[in-house]
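Below is one structure; the comments refer to it alone.
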Protein chains: 2
Amino acid sequence: MASDQTRGAILNAAERLYADRGFGDVTLRDIVATANVNLAAVNYHFGSKDELIAELFVTRSLATNRERLNELKAAEQAGGGRAGIDAIFRALVGPTLRGCLGPSSESSTAARFMIRASIESVPPIRRIKNREVDHLRKFAAAMRRSLPGRAEADLYWGLHFALAMAHHTIRERERLTKLSEGKCDLDDVEGIIDRVVAVSVTALTGEKVQGRPSGKLAAREAH
Amino acid sequence: MASDQTRGAILNAAERLYADRGFGDVTLRDIVATANVNLAAVNYHFGSKDELIAELFVTRSLATNRERLNELKAAEQAGGGRAGIDAIFRALVGPTLRGCLGPSSESSTAARFMIRASIESVPPIRRIKNREVDHLRKFAAAMRRSLPGRAEADLYWGLHFALAMAHHTIRERERLTKLSEGKCDLDDVEGIIDRVVAVSVTALTGEKVQGRPSGKLAAREAH
DNA sequence: GATAGTTTCATACAACTGTTTGAAATGCAA
DNA sequence: TTGCATTTCAAACAGTTGTATGAAACTATC
């Protein structure tokens with residue numbers, strides 16, 4: 001079908017433009033000009049501008065969620081049904097940080113698009129994010145299994161803070177680089193993941209965590 | 001001067017409308033209708049819509065920054081020029097959280113406006129935020145004085161994570177309430193501040209912190 | 001009370017927005 | 001080839017937006 005070609009061209013052009021210039025100043029006319037298709041094609045194939053944005057975001061969002069759940073399941077199977085709290089946090093923040101930070105974030109439009117979606121906040125995306133709670137509940141459940149003694153509220157705060165550090169790092173990447181005058185290496189994604197996981201675990205258990213065996217933090221902590 | 005009256009009416013109406021409905025769908029015509037002034041008054045008194053938004057944000061932002069620095073100075077004086085790291089974090093996140101969370105956040109339009117400014121991200125506000133780095137440097141300097149042995153990068157990451165937790169809590173307040181089914185009490189501002197400070201300190205020093213003497217966390221930790 | 005400066009007002013402007021329309025082109029099955 | 005459905009296209013639509021204009025109303029000074 002030739003229709004899929006047009007659909008795809010629109011999706012590609014839209015993702016690239018939104019990634020580059022943000023949602024605020026990209027019009028349908030910009031998109032169709034980049035995609036070399038007719039103006040009416042957007043409404044024909046997607047119904048409306050908002051539905052186009054929603055489809056872009058849902059696609060990328062589902063992919064990340066899948067990765068997260070895969071990592072979580074792998075960790076739980078390795079631990080015989082109960083994953084370590086550090087592995088749970090790692091599954092939660094790893095995929096997002098790997099996707100939006102690091103060298104790929106310059107090249108991949110998908111990554112840059114997700115960063116935009118994280119910084120700006122347009123109605124169609126906000127609506128989708130509000131339904132994302134179910135996904136987080138699975139992580140809350142895993143945390144409950146991992147730390148059965150903990151108060152529920154503590155677990156939710158731990159989950160919340162882990163996401164806070166991950167998302168804020170993505171959002172404020174530039175500012176942190178400027179503030180620290182380059183002393184914080186935003187390209188060392190795995191190091192950042194180690195940091196976020198370590199802080200999250202320490203916040204919850206009060207114990208210092210070793211991080212992954214190969215992690216830079218682990219090496220540093222061990223002197 | 002009657003001009004100040006008009007100016008003030010515009011500022012009030014704009015702040016309220018932006019707080020209630022967000023920046024996305026509030027037009028100048030909405031503002032002047034609420035303020036009972038003429039459409040041209042906005043451009044006459046402020047130059048443009050963006051400058052109106054900027055003035056609103058700068059006013060509130062400066063107020064918060066003043067509070068933060070006051071708390072920081074008080075803490076440093078009390079410690080003879082060197083504040084405890086917990087007091088530094090408290091000065092950093094306390095004013096923001098107190099301003100945007102808690103009972104006042106329902107009533108005060110100023111608080112609701114700042115929450116909006118934190119969630120949505122319009123160009124005039126983004127421009128101002130980018131210049132806010134100088135203010136954070138003062139906190140970085142205080143941290144250096146408080147923990148002279150620490151690596152610079154660790155301090156910046158600590159600062160960054162503290163802000164992350166504070167801002168994310170403000171931004172995702174609703175979602176956390178829904179996710180935790182009310183188990184996380186978002187109205188207990190001082191308890192939240194204790195939590196953020198405790199996690200921030202632990203992340204940096206690896207030691208559990210007691211929080212304020214009167215803090216709920218402190219009481220809980222002590223059994 | 002005339003004058004100069006400030007502030008208000010109704011109105012128009014010019015541009016841009018997402019969406020719709022109905023006809024033309026295309027693809028595909030019989 | 002005929003017929004039907006899908007897809008493209010140019011054009012227009014209807015509405016909104018922030019801003020500019022020039023006259024009118026006001027205020028305070030001399």
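Residue numbers begin at 1 in each chain, while the letters A, B, ... track the order of the sequences.
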### Query
At what distance, to the nearest 0.5 angstrom, does CG of A:L136 lie from NZ of B:K178?
10.5 Å

### CG on A:L69 to CD on A:E76, rounded to 0.5 Å
10.0 Å

Nucleotide [N], atom [atom2] - distance to [atom1] of [X] in whole Å:
| X | N | atom1 | atom2 | result |
| --- | --- | --- | --- | --- |
| A:I10 | C:dG18 | CD1 | P | 14 Å |
| B:D25 | C:dG18 | CG | P | 15 Å |
| A:Y44 | C:dA25 | OH | C1' | 13 Å |
| A:I53 | C:dG18 | CD1 | C1' | 11 Å |
| A:D50 | C:dG18 | CG | P | 10 Å |
| A:D4 | C:dG27 | CG | P | 14 Å |

### Query
Any salt bridge between A:R21 and A:D30, counting N to O under 4.0 Å?
yes

#### Entry: Close approaches to DNA chain D from residues 27-41 of chain B, in residue order (heavy atom, under 4.0 Å)
B:T27, B:L28, B:R29, B:L39, B:A40

### Task
Consider the side chain of A:N43, meaning its heavy atoms from C-beta on, and name the nucleotide among C:dT7, C:dT20, D:dG18 that approaches it most closely.
C:dT20

### Query
Which listed nucleotide (C:dT8, D:dG18, D:dT7) is nearest to the side chain of B:K49?
D:dG18

## Note on the structure
Residues B:F139 and B:L159: closest non-hydrogen pair is CB-CD1, 4.1 Å

### Message
If I compare all heavy atoms of A:A91 with all of A:L72, which pair ends up nearest, and what's the gap?
### Response
CB-N, 3.6 Å

### Query
Please, which pairs that meet ring pair (Phe, Tyr, Trp, His ring centres under 6.0 Å) have at least one residue in residues 170-197 of chain B, sequence neighbours excluded?
none

### Query
Has B:T6 got a side-chain N or O lying under 4.0 Å from the OP1 or OP2 atom of C:dT7?
no

### Task
Look at the side-chain N and O atoms of B:H45 and state whether any lies under 4.0 Å from the OP1 or OP2 oxygen of C:dT6.
no

